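Reviewing the structure listed below.
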Amino acid sequence: MAGIFDQISHLLAGSPADRAGGRSSGSDALSGEDLALRLSSIPGYRVLREVDTNAGVEQLRAAVAGERIAAVVDTETTGLDPTNDRIIEIAIQRMIFDGGKRIVEIERARSWLEDPQRPLSADISQLTGLVDRDLCGQRFDDEAILEMVGTSDIVIAHNAAFDRPFLDRRFPSLSDLPWACSLSQLNWRDLGYDGRALGHLVLQSGWFFDGHRAGNDTSALITLLGTMAPDGRSVLAHLLDRCERDSHRIDAIGAPFEAKDGLKSRGYRWDAVRRHWWREVEASELSHEEDWLETEVYRGRGRPRSIPITPRTRFKRDG
(Lines give C-alpha, C1' and ligand atoms only; values in the text may rest on other atoms or scores of the structure.)
Protein backbone atom coordinates (compact mmCIF):
# COMPACT_ATOMS: atom_id res chain seq x y z
CA MET A 1 0.00 0.00 0.00
CA ALA A 2 2.84 2.36 0.79
CA GLY A 3 4.12 1.86 -2.75
CA ILE A 4 0.84 3.10 -4.21
CA PHE A 5 0.91 6.19 -1.99
CA ASP A 6 4.49 6.83 -3.11
CA GLN A 7 3.36 6.69 -6.75
CA ILE A 8 0.54 9.13 -6.10
CA SER A 9 2.83 11.54 -4.25
CA HIS A 10 5.36 11.38 -7.07
CA LEU A 11 2.75 12.10 -9.74
CA LEU A 12 1.14 14.94 -7.84
CA ALA A 13 4.53 16.51 -7.24
CA GLY A 14 5.02 17.03 -10.98
CA SER A 15 7.37 15.53 -13.54
CA PRO A 16 11.16 16.04 -13.62
CA ALA A 17 10.61 18.36 -16.60
CA ASP A 18 8.31 20.50 -14.48
CA ARG A 19 10.94 20.79 -11.78
CA ALA A 20 13.79 21.41 -14.25
CA GLY A 21 11.84 24.20 -15.89
CA GLY A 22 11.42 26.00 -12.61
CA ARG A 23 7.71 25.24 -12.32
CA SER A 24 6.22 24.57 -8.94
CA SER A 25 6.62 21.01 -7.69
CA GLY A 26 3.36 21.23 -5.75
CA SER A 27 -0.09 20.23 -6.89
CA ASP A 28 -1.14 23.90 -6.92
CA ALA A 29 0.57 24.26 -10.32
CA LEU A 30 -1.57 21.51 -11.83
CA SER A 31 -5.15 21.78 -13.00
CA GLY A 32 -7.77 19.36 -11.79
CA GLU A 33 -7.68 17.64 -15.18
CA ASP A 34 -3.89 17.28 -14.96
CA LEU A 35 -4.25 15.61 -11.58
CA ALA A 36 -7.04 13.36 -12.87
CA LEU A 37 -4.98 12.22 -15.85
CA ARG A 38 -1.96 11.51 -13.67
CA LEU A 39 -3.97 9.56 -11.12
CA SER A 40 -5.72 7.61 -13.90
CA SER A 41 -2.32 6.45 -15.14
CA ILE A 42 -1.78 4.47 -11.92
CA PRO A 43 -3.06 0.88 -12.27
CA GLY A 44 -6.06 0.22 -10.05
CA TYR A 45 -7.44 3.78 -10.11
CA ARG A 46 -10.30 5.37 -12.00
CA VAL A 47 -11.23 9.04 -11.80
CA LEU A 48 -14.82 10.30 -11.84
CA ARG A 49 -15.53 13.70 -13.37
CA GLU A 50 -18.51 15.81 -12.37
CA VAL A 51 -21.25 16.20 -14.97
CA ASP A 52 -21.29 19.82 -16.13
CA THR A 53 -24.88 20.83 -15.43
CA ASN A 54 -24.26 24.26 -16.96
CA ALA A 55 -23.00 22.92 -20.28
CA GLY A 56 -24.69 23.96 -23.48
CA VAL A 57 -25.63 26.98 -25.52
CA GLU A 58 -28.21 29.46 -24.30
CA GLN A 59 -30.44 28.95 -27.35
CA LEU A 60 -30.35 25.90 -29.60
CA ARG A 61 -29.80 26.73 -33.26
CA ALA A 62 -32.22 25.52 -35.92
CA ALA A 63 -31.63 21.98 -37.11
CA VAL A 64 -30.42 21.64 -40.70
CA ALA A 65 -31.18 18.90 -43.22
CA GLY A 66 -30.43 15.47 -41.76
CA GLU A 67 -30.55 16.69 -38.16
CA ARG A 68 -33.25 16.27 -35.53
CA ILE A 69 -33.96 17.73 -32.11
CA ALA A 70 -34.57 15.70 -28.97
CA ALA A 71 -35.94 17.03 -25.70
CA VAL A 72 -34.62 15.19 -22.65
CA VAL A 73 -37.10 15.61 -19.80
CA ASP A 74 -37.31 14.72 -16.14
CA THR A 75 -40.07 15.36 -13.64
CA GLU A 76 -40.40 15.38 -9.87
CA THR A 77 -43.90 14.74 -8.56
CA THR A 78 -45.95 14.51 -5.38
CA GLY A 79 -46.42 10.76 -5.90
CA LEU A 80 -46.75 7.94 -8.41
CA ASP A 81 -50.30 8.40 -9.72
CA PRO A 82 -50.64 10.90 -12.60
CA THR A 83 -54.39 11.10 -12.02
CA ASN A 84 -54.19 12.27 -8.41
CA ASP A 85 -50.61 13.49 -7.97
CA ARG A 86 -48.99 16.59 -9.46
CA ILE A 87 -45.72 17.56 -11.10
CA ILE A 88 -43.71 19.87 -8.86
CA GLU A 89 -40.59 20.22 -11.02
CA ILE A 90 -39.91 19.88 -14.73
CA ALA A 91 -36.48 20.00 -16.33
CA ILE A 92 -35.89 20.07 -20.09
CA GLN A 93 -32.63 19.95 -21.98
CA ARG A 94 -32.66 19.86 -25.77
CA MET A 95 -30.02 18.58 -28.14
CA ILE A 96 -29.44 18.30 -31.88
CA PHE A 97 -28.29 14.98 -33.30
CA ASP A 98 -27.15 14.27 -36.84
CA GLY A 99 -27.93 11.52 -39.35
CA GLY A 100 -25.43 9.26 -37.62
CA LYS A 101 -27.35 9.78 -34.36
CA ARG A 102 -24.45 11.63 -32.76
CA ILE A 103 -25.05 14.65 -30.54
CA VAL A 104 -23.74 17.80 -32.24
CA GLU A 105 -25.13 20.54 -29.99
CA ILE A 106 -26.83 20.75 -26.61
CA GLU A 107 -28.80 23.53 -24.99
CA ARG A 108 -28.41 24.47 -21.35
CA ALA A 109 -30.91 22.70 -19.12
CA ARG A 110 -33.88 24.69 -17.88
CA SER A 111 -36.16 23.80 -14.99
CA TRP A 112 -39.29 25.13 -13.36
CA LEU A 113 -41.18 24.58 -10.10
CA GLU A 114 -44.93 24.54 -9.49
CA ASP A 115 -46.97 24.70 -6.31
CA PRO A 116 -49.12 21.53 -6.05
CA GLN A 117 -51.50 23.28 -3.64
CA ARG A 118 -50.94 20.55 -1.08
CA PRO A 119 -48.19 19.74 1.44
CA LEU A 120 -45.37 17.48 0.32
CA SER A 121 -44.92 14.21 2.17
CA ALA A 122 -41.71 13.69 4.11
CA ASP A 123 -40.72 10.93 1.65
CA ILE A 124 -41.11 13.20 -1.39
CA SER A 125 -39.13 15.98 0.29
CA GLN A 126 -36.36 13.54 1.08
CA LEU A 127 -36.39 12.16 -2.47
CA THR A 128 -36.44 15.51 -4.29
CA GLY A 129 -34.76 17.84 -1.84
CA LEU A 130 -37.75 20.16 -2.16
CA VAL A 131 -39.90 21.45 0.70
CA ASP A 132 -43.20 23.31 0.76
CA ARG A 133 -41.61 26.78 0.99
CA ASP A 134 -39.64 26.11 -2.23
CA LEU A 135 -42.89 25.61 -4.13
CA CYS A 136 -45.18 28.16 -2.51
CA GLY A 137 -46.59 30.44 -5.23
CA GLN A 138 -44.47 28.89 -7.99
CA ARG A 139 -45.93 28.28 -11.45
CA PHE A 140 -44.57 26.55 -14.55
CA ASP A 141 -43.76 28.69 -17.57
CA ASP A 142 -46.25 26.90 -19.82
CA GLU A 143 -45.31 28.90 -22.90
CA ALA A 144 -41.61 28.04 -22.61
CA ILE A 145 -42.28 24.37 -21.88
CA LEU A 146 -44.69 24.00 -24.80
CA GLU A 147 -42.20 25.69 -27.11
CA MET A 148 -39.20 23.59 -26.04
CA VAL A 149 -40.95 20.22 -26.08
CA GLY A 150 -43.49 20.89 -28.82
CA THR A 151 -40.86 21.85 -31.40
CA SER A 152 -38.76 18.75 -30.72
CA ASP A 153 -38.84 15.64 -32.89
CA ILE A 154 -38.70 13.18 -30.00
CA VAL A 155 -38.89 13.23 -26.19
CA ILE A 156 -36.44 11.12 -24.15
CA ALA A 157 -36.65 10.23 -20.46
CA HIS A 158 -34.96 7.69 -18.23
CA ASN A 159 -38.33 6.35 -17.12
CA ALA A 160 -40.78 7.38 -19.81
CA ALA A 161 -43.52 5.13 -18.42
CA PHE A 162 -43.48 7.40 -15.37
CA ASP A 163 -42.78 10.82 -16.89
CA ARG A 164 -45.02 10.66 -19.97
CA PRO A 165 -48.42 10.18 -18.24
CA PHE A 166 -47.69 13.12 -15.93
CA LEU A 167 -46.58 15.35 -18.81
CA ASP A 168 -49.51 14.32 -21.03
CA ARG A 169 -51.98 15.16 -18.28
CA ARG A 170 -50.43 18.54 -17.43
CA PHE A 171 -49.81 19.52 -21.08
CA PRO A 172 -52.39 17.71 -23.28
CA SER A 173 -51.22 19.41 -26.47
CA LEU A 174 -47.92 17.52 -26.18
CA SER A 175 -49.54 14.09 -25.95
CA ASP A 176 -48.95 13.05 -29.57
CA LEU A 177 -45.15 13.28 -29.57
CA PRO A 178 -42.93 10.20 -30.00
CA TRP A 179 -41.11 9.09 -26.84
CA ALA A 180 -38.03 7.02 -26.07
CA CYS A 181 -36.97 5.51 -22.75
CA SER A 182 -33.33 4.94 -21.87
CA LEU A 183 -34.36 2.81 -18.88
CA SER A 184 -36.46 0.18 -20.62
CA GLN A 185 -35.49 0.33 -24.29
CA LEU A 186 -31.77 -0.33 -24.01
CA ASN A 187 -30.04 -3.59 -23.21
CA TRP A 188 -27.47 -2.03 -20.93
CA ARG A 189 -25.65 -5.31 -20.37
CA ASP A 190 -24.98 -5.63 -24.11
CA LEU A 191 -23.61 -2.08 -24.04
CA GLY A 192 -21.12 -3.04 -21.34
CA TYR A 193 -22.96 -1.76 -18.26
CA ASP A 194 -24.22 -3.34 -15.08
CA GLY A 195 -27.67 -2.30 -13.85
CA ARG A 196 -30.08 0.35 -15.17
CA ALA A 197 -30.25 3.09 -12.52
CA LEU A 198 -29.17 6.42 -14.01
CA GLY A 199 -26.71 7.26 -11.26
CA HIS A 200 -25.05 3.84 -11.48
CA LEU A 201 -24.81 3.99 -15.28
CA VAL A 202 -23.27 7.46 -15.17
CA LEU A 203 -20.70 6.32 -12.58
CA GLN A 204 -19.69 3.44 -14.84
CA SER A 205 -19.12 5.95 -17.64
CA GLY A 206 -16.68 7.91 -15.46
CA TRP A 207 -19.00 10.68 -14.24
CA PHE A 208 -20.91 11.66 -11.12
CA PHE A 209 -23.70 14.15 -10.36
CA ASP A 210 -26.09 15.28 -7.67
CA GLY A 211 -29.22 13.35 -8.53
CA HIS A 212 -31.63 15.17 -6.23
CA ARG A 213 -32.86 17.68 -8.83
CA ALA A 214 -34.50 17.17 -12.22
CA GLY A 215 -32.15 19.52 -14.09
CA ASN A 216 -29.13 17.53 -12.97
CA ASP A 217 -30.77 14.32 -14.16
CA THR A 218 -31.28 15.65 -17.69
CA SER A 219 -27.64 16.74 -17.93
CA ALA A 220 -26.50 13.36 -16.65
CA LEU A 221 -28.67 11.52 -19.16
CA ILE A 222 -27.41 13.58 -22.11
CA THR A 223 -23.84 12.88 -20.98
CA LEU A 224 -24.66 9.19 -20.92
CA LEU A 225 -26.41 9.24 -24.32
CA GLY A 226 -23.32 10.83 -25.87
CA THR A 227 -21.06 8.05 -24.62
CA MET A 228 -19.69 5.67 -27.22
CA ALA A 229 -20.71 2.00 -26.97
CA PRO A 230 -18.22 -0.83 -27.66
CA ASP A 231 -19.31 -0.95 -31.32
CA GLY A 232 -18.26 2.66 -31.84
CA ARG A 233 -21.82 4.00 -32.00
CA SER A 234 -23.32 6.32 -29.42
CA VAL A 235 -25.69 5.11 -26.73
CA LEU A 236 -28.18 7.53 -28.29
CA ALA A 237 -27.94 5.69 -31.62
CA HIS A 238 -28.78 2.39 -29.95
CA LEU A 239 -31.76 3.97 -28.19
CA LEU A 240 -33.15 5.59 -31.33
CA ASP A 241 -32.78 2.35 -33.30
CA ARG A 242 -34.91 0.57 -30.72
CA CYS A 243 -37.55 3.22 -30.14
CA GLU A 244 -38.22 3.82 -33.83
CA ARG A 245 -39.38 0.24 -34.35
CA ASP A 246 -43.09 -0.50 -34.01
CA SER A 247 -44.15 -3.14 -31.54
CA HIS A 248 -47.18 -4.75 -29.91
CA ARG A 249 -48.42 -4.86 -26.37
CA ILE A 250 -49.70 -8.34 -25.56
CA ASP A 251 -52.26 -8.50 -22.76
CA ALA A 252 -52.59 -12.00 -21.34
CA ILE A 253 -56.25 -11.45 -20.46
CA GLY A 254 -57.82 -14.28 -18.50
CA ALA A 255 -54.58 -16.20 -18.14
CA PRO A 256 -54.98 -18.89 -15.46
CA PHE A 257 -53.46 -18.19 -12.08
CA GLU A 258 -51.09 -21.15 -12.30
CA ALA A 259 -49.44 -19.61 -15.40
CA LYS A 260 -48.15 -16.58 -13.46
CA ASP A 261 -44.65 -17.95 -12.83
CA GLY A 262 -44.15 -18.83 -16.48
CA LEU A 263 -45.43 -15.44 -17.61
CA LYS A 264 -43.19 -13.62 -15.14
CA SER A 265 -40.09 -15.57 -16.17
CA ARG A 266 -40.82 -14.75 -19.82
CA GLY A 267 -40.83 -11.02 -19.10
CA TYR A 268 -44.51 -10.33 -18.52
CA ARG A 269 -45.41 -7.69 -15.94
CA TRP A 270 -48.51 -7.43 -13.79
CA ASP A 271 -50.84 -4.52 -14.58
CA ALA A 272 -52.39 -3.77 -11.20
CA VAL A 273 -55.03 -1.47 -12.74
CA ARG A 274 -56.24 -3.76 -15.52
CA ARG A 275 -55.56 -6.93 -13.51
CA HIS A 276 -53.67 -8.96 -16.10
CA TRP A 277 -50.13 -9.80 -17.23
CA TRP A 278 -48.62 -8.02 -20.21
CA ARG A 279 -45.42 -7.48 -22.17
CA GLU A 280 -44.25 -5.58 -25.23
CA VAL A 281 -42.77 -7.46 -28.19
CA GLU A 282 -41.48 -6.31 -31.55
CA ALA A 283 -43.73 -6.85 -34.56
CA SER A 284 -41.48 -9.61 -35.88
CA GLU A 285 -41.92 -11.57 -32.62
CA LEU A 286 -45.71 -11.28 -32.35
CA SER A 287 -46.69 -14.53 -34.05
CA HIS A 288 -44.11 -16.53 -32.10
CA GLU A 289 -45.29 -15.03 -28.81
CA GLU A 290 -48.94 -15.77 -29.55
CA ASP A 291 -48.01 -19.38 -30.32
CA TRP A 292 -46.17 -19.65 -26.98
CA LEU A 293 -49.17 -18.28 -25.09
CA GLU A 294 -51.52 -20.76 -26.77
CA THR A 295 -49.22 -23.70 -26.04
CA GLU A 296 -48.02 -22.81 -22.54
CA VAL A 297 -50.79 -20.63 -21.07
CA TYR A 298 -54.23 -20.77 -22.69
CA ARG A 299 -54.33 -24.27 -24.23
CA GLY A 300 -57.57 -23.57 -26.02
CA ARG A 301 -59.18 -21.78 -23.05
CA GLY A 302 -58.79 -18.19 -24.17
CA ARG A 303 -56.59 -15.87 -26.17
CA PRO A 304 -54.51 -12.73 -25.57
CA ARG A 305 -55.21 -9.21 -26.80
CA SER A 306 -52.64 -7.54 -29.05
CA ILE A 307 -52.41 -3.74 -29.30
CA PRO A 308 -50.13 -2.10 -31.92
CA ILE A 309 -47.66 0.38 -30.39
CA THR A 310 -45.81 3.17 -32.17
CA PRO A 311 -43.30 5.70 -30.78
CA ARG A 312 -46.21 8.15 -30.49
CA THR A 313 -48.37 5.85 -28.37
CA ARG A 314 -45.69 4.03 -26.39
CA PHE A 315 -45.63 4.78 -22.63
CA LYS A 316 -49.09 6.36 -22.66
CA ARG A 317 -51.06 5.45 -19.58
CA ASP A 318 -53.99 4.32 -21.70
CA GLY A 319 -51.96 2.43 -24.30
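Please read all numbers here as calculations on a predicted model, not as lab measurements.
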[X] side-chain N/O to [Y] backbone N/O, donor-acceptor pair under 3.5 Å:
X      : Y      : value
Asp115 : Gly137 : yes
Arg189 : Asp194 : no
Asp291 : His288 : no
Glu107 : Leu60  : yes
Asp74  : Ala91  : no
Asp153 : Ile69  : yes
Thr78  : Arg86  : yes
Arg275 : Asp271 : no
Asn216 : Asp210 : yes
Arg303 : Ile253 : no

Pair [X] + [Y], salt bridge at N-O below 4.0 Å:
X      : Y      : result
Arg68  : Glu244 : yes
Asp241 : Lys101 : yes
Glu105 : Arg61  : yes
Arg249 : Glu289 : no

Can you tell me which residue among [options] is in a side chain to side chain contact (heavy atoms under 4.5 Å, CB included) with [X]?
X      : options                : result
His158 : Val73, Leu201, Asp163  : Leu201
Leu221 : Asp217, Thr218, Leu225 : Leu225
Arg233 : His238, Arg102, Met228 : His238

| task | List the steps and the verdict of side chain to side chain contact (heavy atoms under 4.5 Å, CB included) for Ile92 and Trp112. | result | CA-CA 9 Å; Ile92 305 169; Trp112 301 265; 3.7 Å; yes
On a heavy-atom basis, which atom in [X] and which in [Y] lie closest, and how many Å separate them?
X      : Y      : answer
Ser173 : Leu146 : OG-CD2, 3.4 Å
Trp207 : Leu48  : N-CD2, 3.9 Å
Gly79  : Ile124 : N-CD1, 4.3 Å
Ile90  : Ile145 : CD1-CD1, 4.1 Å
Gly100 : Ala237 : O-CB, 4.4 Å
Phe315 : Ala161 : CD2-N, 3.8 Å

Approximate separation, where rounding is to 0.5 Å, of [X] [atom1] and [Y] [atom2]:
X      : Y      : atom1 : atom2 : result
Thr223 : Leu198 : OG1   : CG    : 9.5 Å
Ser152 : Leu174 : OG    : CG    : 9.5 Å
Trp188 : Leu224 : CH2   : CG    : 4.0 Å
Leu130 : Glu89  : CG    : CD    : 5.5 Å
Ser182 : Ile156 : OG    : CD1   : 7.5 Å
Arg196 : Ser184 : CZ    : OG    : 7.0 Å

| message | Is the shortest side-chain heavy-atom distance between Leu135 and Leu120 below 4.5 Å? | response | yes
| request: Decide yes or no for Val155 and Val149: does some side-chain heavy atom of the first lie under 4.5 Å from some side-chain heavy atom of the second? | output: yes
| request: For the pair Glu147 and Arg94, evaluate salt bridge (Lys or Arg N to Asp or Glu O under 4.0 Å) and give the outcome as yes or no after the intermediate values. | output: CA-CA 11 Å; Glu147 169 68 18; Arg94 297 189 301 172; 5.4 Å; no
| field | side chain to side chain donor-acceptor pair (under 3.5 Å) partners of residues 122-144, not counting sequence neighbours, each pair once | value |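 Pairs touching residues 122-144 that pass the test: Asp142-Arg170.
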| Got a sec, which pairs hit side chain to side chain donor-acceptor pair (under 3.5 Å) with one end in residues 46-56, sequence neighbours left out? |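 Matches after skipping sequence neighbours: Glu33-Arg49.
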| Hey, mind stepping through Arg269 and Arg279 against side chain to side chain contact (heavy atoms under 4.5 Å, CB included) and telling me if it holds? | CA-CA 6 Å; Arg269 290 180 283 176; Arg279 72 172 296 200; over 6 Å; no
| message | Assess the residue pair Glu114 and Ile88 against the criterion (side chain to side chain contact (heavy atoms under 4.5 Å, CB included)); give the C-alpha distance rounded to whole Å, side-chain angles, the decisive distance to 0.1 Å, and a yes or no. | response | CA-CA 5 Å; Glu114 184 159 87; Ile88 54 177; 5.9 Å; no
| Trp179 ring centre to Arg312 NZ or CZ under 6.0 Å, with the angle to the axis within 45°? |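 Verdict for Trp179: no cation-pi partner in Arg312.
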| said: Is there a path of hydrophobic side-chain contacts, each under 4.5 Å between heavy atoms of I/L/V/M/F/W/Y residues, joining Leu186 to Met95? | reply: yes
| Would you say the side chains of Ser247 and Glu280 form a donor-acceptor pair under 3.5 Å? |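 Checked: Ser247/Glu280 side chains pair up, N/O donor to acceptor below 3.5 Å.
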| said: For the residue pair Arg245 / Ser284, report whether a side-chain donor-acceptor contact shorter than 3.5 Å exists. | reply: no
| query | Going through the checks in order, is the side chain to side chain contact (heavy atoms under 4.5 Å, CB included) test met by Phe97 and Val104? | reply | CA-CA 5 Å; Phe97 59 93; Val104 296; 5.9 Å; no
| field | Ring center gap for Trp277 and Tyr268 short of 6.0 angstrom | value |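 No, the ring of Trp277 stays outside the 6.0 Å limit from the ring of Tyr268, centre to centre.
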| request: For Glu290 and Ser306, run side chain to side chain donor-acceptor pair (under 3.5 Å): C-alpha distance rounded to whole Å, both residues' side-chain angles, the deciding distance at 0.1 Å, then the answer. | output: CA-CA 9 Å; Glu290 290 177 333; Ser306 173; 4.6 Å; no
